[in-house]
*Asks:* 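Please read through the structure below; I'll follow up with questions.
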Amino acid sequence: MMSEFGSTLSGLQGEAYYPSAEVIAQANVPDPEALRKEARDNPEAYWAKRASELDWYAKWDKVLDDSNKPFYKWFVGGKTNIVANAIDRHVKSWRRNKLALIWEGEKGDVRTFSYHALAREVCKFSNVLKSMGVTKGDRVTIYMPRIPETVIAMLATAKIGAVHSVVYGGFSVEALHGRIEDSESKVIVTADGGHMNGKVVELKKIVDEALKRTAAPENVVVVKHIGNQINMEAGRDYWYHELMAMPIVRQQQRCETEVMDSEDPLYILYTSGTTGKPKAILHTHGGYQVGIYATFKDVFDIKEEDRWWCTADPGWVTGHSYIVYAPLIAGATSVMYEGAPTFPFPDRWWSIIEKYGVSIMYTTPTAIRGLMRFGAQWPNRHDLTSLRLLGSVGEPINPEAWRWFYKNIGKERCPIMDTWWQTETGMFMIAPMPAMGLKPGSGSRPLPGIEAEVVDEDGKPAKAGDEGFLVLKRPWPAMVRTVYKDPDRFVKTYWSKYPGLYLAGDSCRKDADGYFWIIGRVDDVIKVSGYRLGTAELESALVSHPAVAEAAVIGLPHEIKGVAIYAYAILKANVEANEALVDQLKQHVAHEVGPIAKPERIEFVASLPKTRSGKIMRRVLKSRALGMDEGDLTTLEE
Ligand code: WT7
């Protein structure tokens, strides 16, 4: 059956790449258009079918409850726990002896976990959390380097029905403090430190500093990873390895998985938005597991014998969905690497592919652009023939980086799955499947069951080729359920510009073949090297420095980072503007938010363009910096 756009295996307009007969023959979804049609004809039946591929303690009564829009509910009445699908069902099968995780530290140390071994560690840590009084619904903050214990802590929390809040280990004091406080976490799981690019990231020190600013959670669990000297506060801080060896934990190797309702919370994940206060995106057990599993299987075509490697950090949604949960639900073997791609040399990643026989690699445009700089001689030193599929996420991939990745890493054999999605969507939304034609720079088309559109200011579909707002027209199972503790913000941010449509916050174009081309954010979010930061968060970090009276932050194009942070600051009276202060302010932002948030440039100014109501017009700053027309200035005050 042909879709409204026909098959995408030939005749696409513009630069296009088609999969080989071999790729098509072995694809989990050999006919993407047929699946899209099936899902469009009866979306609920489609999602019910996908949900049936997983285990449920009790089947749902209703696939989708839309009686209280936009607070949609999925698989209502179903009883489940994502860990039952990620771990429990595999240890009951032959997969108990299959490798779930292959981990390599930056220093070269290797640890592996079979499903059986992972299950045991998870059970033990669940019992540790229970011994600390953590029960269903309690929050646990996880602030960790990229090590197996991060995965174990997430699964252990979910297993007992508690809610994890993972804070990316690259965030720093104020970002961590805000997230601990807002989540009211009972326990923090952290490590003495992590290795990154030959340096030590002193996570426990940052935790200590963050906890000075807030009412302390009851317990801090510390994984000994690098063995440095750290402060352990008696009665609050406990070593992970000592807790795991407690008689009560050792004697009781098992822990029952808590039976959850489909709509019970699984995790919150803070993400940046328009205000200085980051919002906690809430995901639940039932729909989320269905959405991430189905998309992982279809887009990355996962097979038993694959070795999957997602280079993200578990601290971002990419890590939650596609390092931890979806690969485990699919019974896959994942590779996880702790450190920097260029340590000690720019071929570290390529050596990992060769060493472990990685067959599918999922990474970011920023990383590709960064590695491209060092030249093809680095990948060329390694045997990359194990690869069969590649993936990209986080920001639009420029065609030049796409072609380099395709040619030098995939050797023109491996299709690139450019996946568009968000912390809020939980799962891939616009992405190709292997048996489709690809266009460099486009994530191709909405996946089966997903309806996306590009609309103009009035919410009407934009003409092919015209830029507009990207919206989602139908609810989907892994969708954000609310903003934790702030349902009004949920409605206002995503569902109020166009009634009934989810506003993604991206600007986009759809071409004549129905392929979507993401242009970039149209709100106050910036994506620096694919990392999501809010201009307001960065501005508040700047004004928290005693020298700064006011600040404005914008994102400007950058060759490697995609977008880089430019800050404008008005200094307090009698403060001298000099280069030393610029450096000091950059360090200050890095200390408060994290090294990724360090501004590329800080400029001192006497005034900032504002509306009459006092809102900074970042758009004007941006146009000025780019030397462009400043557009409509009728609301400008000065
Ligand atoms: C924003 C969401 C989704 C996992 C990591 C990011 C941008 C994401 C793509 C892509 C163009 C992309 C969008 C989106 N984005 N993937 N394939 N092509 N842009 O999650 O931090 O919530 O950021 O990242 O701007 O809205 P996130």
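Since the structure is predicted, the reported quantities are computational estimates derived from the model, not experimental observations.
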*Asks:* Does any part of the side chain of I519, heavy atoms only, come nearer than 4.5 Å to the side chain of R509, both counted from C-beta?
*Replies:* yes
*Asks:* Would you please name every residue forming a side chain to side chain contact (heavy atoms under 4.5 Å, CB included) with L626, sequence neighbours left out?
*Replies:*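 Side chain to side chain contact (heavy atoms under 4.5 Å, CB included) check on L626 returns L556, P557, K622, M628.
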*Asks:* Looking at S529 and Y531, would you say the former's side chain and the latter's main chain have a donor-acceptor pair under 3.5 Å?
*Replies:*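 Such a contact is absent between S529 side chain and Y531 backbone.
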*Asks:* Can you check whether S444's main-chain N or O pairs, donor with acceptor, with S442's side chain at less than 3.5 Å?
*Replies:* yes
*Asks:* Looking at K510 and D466, is there a salt bridge between them, counting it only when a charged N and a carboxylate O are closer than 4.0 Å?
*Replies:* no
*Asks:* Decide side chain to side chain donor-acceptor pair (under 3.5 Å) for T611 and S613; before the verdict, give the C-alpha distance in whole Å, the side-chain angles of both, and the deciding distance to 0.1 Å.
*Replies:* CA-CA 5 Å; T611 61; S613 60; 3.1 Å; yes
*Asks:* Less than 4.5 Å apart, any side-chain heavy atom of R369 and any of N398?
*Replies:*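 When only atoms from C-beta onward are counted, N398 and R369 do touch, with a gap below 4.5 Å.
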*Asks:* Indicate yes or no: does K277 engage D182 in a salt bridge with an N to O separation below 4.0 Å.
*Replies:* yes
*Asks:* Could you tell me whether E451 and R36 make a salt bridge, using a distance below 4.0 angstrom between a side-chain N and a carboxylate O?
*Replies:*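 Result for this pair is no, no salt bridge flagged.
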*Asks:* I'd like to know whether the aromatic ring centres of W404 and F374 sit less than 6.0 Å apart in this structure.
*Replies:* no
*Asks:* Cut-off 3.5 Å, side chains only: do S165 and S183 have a donor facing an acceptor?
*Replies:*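 Their side chains do not contain a donor-acceptor pair, so the 3.5 Å distance test is not met.
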*Asks:* Show the nearest heavy-atom pair for residues C310 and T318, with the distance to one decimal.
*Replies:*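 In this case the closest contact between C310 and T318 is SG-CG2, 3.8 Å.
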*Asks:* Taking the side chain as C-beta and beyond, is there a heavy-atom pair between T419 and V299 under 4.5 Å?
*Replies:* yes
*Asks:* Side chains of H382 and E354: do they bring a donor and an acceptor to under 3.5 Å?
*Replies:* yes
*Asks:* Between W476 and R474, is there a cation-pi geometry (under 6.0 Å to ring centre, at most 45° from the normal)?
*Replies:*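 Ring-cation test returns no.
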*Asks:* Sub-3.5 Å donor-acceptor pair from the side chain of D513 to the main-chain atoms of Q13, do we have one?
*Replies:*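 Indeed, once roles are kept as given, a pair shorter than 3.5 Å links the two residues.
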*Asks:* Do the non-hydrogen side-chain atoms of L438 and P415 ever get within less than 4.5 Å of each other?
*Replies:* yes
*Asks:* Does F469 have K497 sitting over its ring (NZ/CZ under 6.0 Å from centre, angle to axis within 45°)?
*Replies:*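 Yes - K497 lies over the ring of F469, closer than 6.0 Å to its centre and within 45° of its axis.
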*Asks:* Please, which pairs that meet salt bridge (charged side-chain N to carboxylate O under 4.0 Å, His left out) have at least one residue in residues 546-568, sequence neighbours excluded?
*Replies:* E550-K610, K561-E600
*Asks:* Can you check ring pair (Phe, Tyr, Trp, His ring centres under 6.0 Å) on W316 and F171, steps first, answer last?
*Replies:* CA-CA 11 Å; W316 301 96; F171 275 130; 5.7 Å; yes
*Asks:* Can a salt bridge be assigned to the pair R146 and E104 using a cut-off of 4.0 Å between side-chain N and carboxylate O?
*Replies:* no
*Asks:* Taking the six-membered ring for Trp and the full ring for Phe, Tyr or His, determine whether the centres of Y17 and W402 are under 6.0 Å apart.
*Replies:*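 They qualify: ring centres under 6.0 Å apart.
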*Asks:* Search all heavy atoms of P19 against all heavy atoms of M436 and return the closest pair with its distance.
*Replies:* CD-O, 3.2 Å
*Asks:* Assert yes or no for the condition that the ring centre distance of W349 to W309 is strictly below 6.0 Å.
*Replies:*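 Here the rings of W309 and W349 have centres that are less than 6.0 Å from each other.
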*Asks:* Answer with yes or no after comparing the ring centroid distance for H320 and Y267 against a 6.0 Å cut-off, counting only values under it.
*Replies:*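 So the answer is yes for these two rings.
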*Asks:* Can you confirm whether F345 is buried at CZ, in the sense that more than 12 heavy atoms of other residues, nucleotides or ligands lie under 6.0 Å from that atom?
*Replies:* no
*Asks:* Which pair of heavy atoms, one from A625 and one from Y568, lies closest together, and at what distance?
*Replies:*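 Looking at all heavy atoms of both residues, the shortest contact is CB-OH, 3.6 Å.
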*Asks:* Which heavy atom of S544 sits nearest a heavy atom of H588, and at what distance?
*Replies:* OG-NE2, 2.8 Å
*Asks:* Within this structure, what is the CD1-CG distance for the pair I409 and L387, rounded to the nearest 0.5 Å?
*Replies:*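 Between atom CD1 of I409 and atom CG of L387 there are 8.0 Å.
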*Asks:* Can the ring centres of Y168 and Y143 be said to be less than 6.0 Å apart?
*Replies:*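 Centroid separation for Y168 and Y143: 6.0 Å or greater.
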*Asks:* Tell me, with the steps shown, if S172 and E209 meet side chain to side chain contact (heavy atoms under 4.5 Å, CB included).
*Replies:* CA-CA 10 Å; S172 197; E209 226 186 296; over 6 Å; no
*Asks:* Taking the six-membered ring for Trp, is the centroid-to-centroid distance between F516 and W420 below 6.0 Å?
*Replies:*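 Not close enough - the centres of the two rings lie 6.0 Å or further apart.
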*Asks:* For atom NZ of K572, is the number of surrounding heavy atoms from other residues, nucleotides or ligands below 6.0 Å larger than 12?
*Replies:*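 Count over threshold, so yes.
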*Asks:* May I ask you to test the K279-S272 pair for a side-chain heavy-atom distance under 4.5 Å?
*Replies:*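 No, too far: nothing below the 4.5 Å cut-off.
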*Asks:* I need the full list of ring-ring contact (aromatic ring centres under 6.0 Å, His included) pairs touching residues 428-456, with sequence neighbours left out, sorted by first then second residue.
*Replies:*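 Listed by first then second residue: F300-F428, Y322-F428, Y362-F428, W421-F428.
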*Asks:* Which value, rounded to the nearest 0.5 Å, describes the distance between I616 atom CD1 and T535 atom OG1?
*Replies:*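 Spacing of CD1 (I616) from OG1 (T535) equals 8.5 Å.
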*Asks:* To the nearest 0.5 angstrom, please state how far the CD1 atom of I206 sits from the CD atom of E174.
*Replies:* 13.0 Å
*Asks:* Is atom CZ of R601 surrounded by more than 12 heavy atoms (other residues, nucleotides or ligands) closer than 6.0 Å?
*Replies:*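 Not buried by this count: 12 neighbours or fewer within 6.0 Å.
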*Asks:* Between D511 (side chain only) and Y515 (backbone N and O only), is there a donor and an acceptor less than 3.5 Å apart?
*Replies:* yes
*Asks:* Write down the atom of A312, the atom of G319, and the distance for their closest heavy-atom approach.
*Replies:* CB-N, 4.3 Å
*Asks:* Does a side-chain heavy-atom distance below 4.5 Å link F296 with P327?
*Replies:* yes
*Asks:* Please report the interatomic distance CG(L501) to CG(L472), rounded to the nearest 0.5 Å.
*Replies:* 9.0 Å
*Asks:* What pairs meet the salt bridge (charged side-chain N to carboxylate O under 4.0 Å, His left out) rule with one or both residues in residues 398-418, with sequence neighbours excluded?
*Replies:*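 Counting only pairs at least two positions apart or across chains, the salt bridge (charged side-chain N to carboxylate O under 4.0 Å, His left out) contacts touching residues 398-418 are E15-R403.
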*Asks:* Treating E453 as the side-chain partner and L470 as the backbone partner, does any N or O pair qualify as donor plus acceptor under 3.5 Å?
*Replies:*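 No, because the side chain of E453 does not come within donor-acceptor range (under 3.5 Å) of the backbone of L470.
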*Asks:* Quick one: are V605 and I570 in side-chain contact, heavy atoms under 4.5 Å?
*Replies:* yes
*Asks:* Nearest 0.5 Å, what's the CD1-CZ distance between I368 and R373?
*Replies:*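 Reported value, rounded in 0.5 Å steps: 14.0 Å.
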*Asks:* For residues 586-597, which residue pairs pass the salt bridge (charged side-chain N to carboxylate O under 4.0 Å, His left out) check, not counting sequence neighbours?
*Replies:*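 Matches after skipping sequence neighbours: R213-E592.
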*Asks:* Hydrogens and angles aside, do Q422 and Y502 bring a side-chain donor and acceptor to less than 3.5 Å of each other?
*Replies:* yes
*Asks:* Can you measure from CG (L390) to CE (M361) and round to the nearest 0.5 angstrom?
*Replies:*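 Output value for this atom pair is 8.0 Å.
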*Asks:* Tell me whether N578 contacts the main-chain N or O of L581 through its side chain, where contact means a donor paired with an acceptor under 3.5 Å.
*Replies:* yes
*Asks:* Any salt bridge (charged side-chain N to carboxylate O under 4.0 Å, His left out) involving residues 527-539? Give me the pairs, sequence neighbours left out, ordered by first then second residue.
*Replies:*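 Qualifying pairs: R179-E537, E424-R532, E539-R618.
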*Asks:* So, do P341 and L371 sit near enough that their side-chain heavy atoms are less than 4.5 Å apart?
*Replies:*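 Yes - at least one pair of side-chain heavy atoms lies under 4.5 Å apart.
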*Asks:* Considering all heavy atoms of both residues, which atom of G194 and which atom of L203 are nearest to each other, and what is their separation?
*Replies:* N-CD1, 4.3 Å
*Asks:* Check the pair Y288, S321 against side chain to side chain donor-acceptor pair (under 3.5 Å), reporting the backbone distance first and the verdict last.
*Replies:* CA-CA 9 Å; Y288 178 75; S321 296; 2.7 Å; yes
*Asks:* Just by distance, no angles: are the side chains of E395 and T366 close enough, under 3.5 Å, to form a donor-acceptor pair?
*Replies:* yes
*Asks:* Look at the side chain of Y18 and the backbone N and O of G11, then say whether any donor-acceptor pair between them is shorter than 3.5 Å.
*Replies:*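 Looks like yes, one N/O pair under 3.5 Å.
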*Asks:* Taking K463 first and then D456, would you say they form a salt bridge - that is, a charged N and a carboxylate O separated by under 4.0 Å?
*Replies:*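 So K463 does not pair with D456 through a salt bridge.
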